[in-house]
Amino acid sequence: MADKMLHSDYLPEKPDSRGYTPEQAERLAAYRVRILELTTQVLTHPFWATLWRPVPR
């Protein structure tokens, strides 16, 4: 059973999670790699170079 929540008297009724299975952990790691790849593609896309405006001071 988890400890009470910070700044609250609430005590959860559910038992603590056993964590990820090895298969779930592997899938999560693959998702994180894919998210990083896609984020890099979006952030480095040539489109962003077409948007120019002066930086406010």
Side-chain angles (χ1 to χ4, degrees):
M1 196 74 55
D3 294 334
K4 78 179 194 97
M5 294 177 63
L6 186 63
H7 306 296
S8 172
D9 292 331
Y10 174 76
L11 290 173
E13 296 177 15
K14 293 182 179 181
D16 289 340
S17 170
R18 295 176 299 207
Y20 294 118
T21 65
E23 294 81 15
Q24 290 171 326
E26 187 176 325
R27 192 175 328 143
L28 180 60
Y31 287 151
R32 288 181 173 159
V33 167
R34 184 66 176 142
I35 288 170
L36 181 59
E37 290 170 355
L38 293 172
T39 301
T40 302
Q41 286 181 17
V42 169
L43 293 176
T44 61
H45 192 277
F47 166 77
W48 300 113
T50 68
L51 303 176
W52 182 88
R53 66 178 187 169
V55 178
R57 292 182 184 224

Going by side chain to side chain contact (heavy atoms under 4.5 Å, CB included), Ile35 matches just one of Thr39, Val33, Leu38. Which one?
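The option that passes is Thr39.
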Sequence neighbours excluded, which residues qualify as side chain to side chain contact (heavy atoms under 4.5 Å, CB included) partners of Thr44?
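In terms of side chain to side chain contact (heavy atoms under 4.5 Å, CB included), with neighbours along the sequence ignored, Thr44 is linked to Thr40.
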side-chain hydrogen bond (donor to acceptor under 3.5 Å, both in side chains) involving Gln24 - partner list, sequence neighbours excluded
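Only Thr21 meet the side-chain hydrogen bond (donor to acceptor under 3.5 Å, both in side chains) criterion with Gln24.
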With sequence neighbours excluded, tell me which residues meet side-chain hydrogen bond (donor to acceptor under 3.5 Å, both in side chains) with Arg34.
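Per chain and number, Arg34 pairs via side-chain hydrogen bond (donor to acceptor under 3.5 Å, both in side chains) with Glu37.
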Hydrophobic cluster partners of Trp48 (side-chain heavy atoms under 4.5 Å):
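Besides Trp48, the hydrophobic cluster comprises Val42, Phe47, Leu51, listed by chain and residue number.
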May I have the list of side-chain donor-acceptor pairs in residues 25-32 shorter than 3.5 Å, sequence neighbours left out?
none

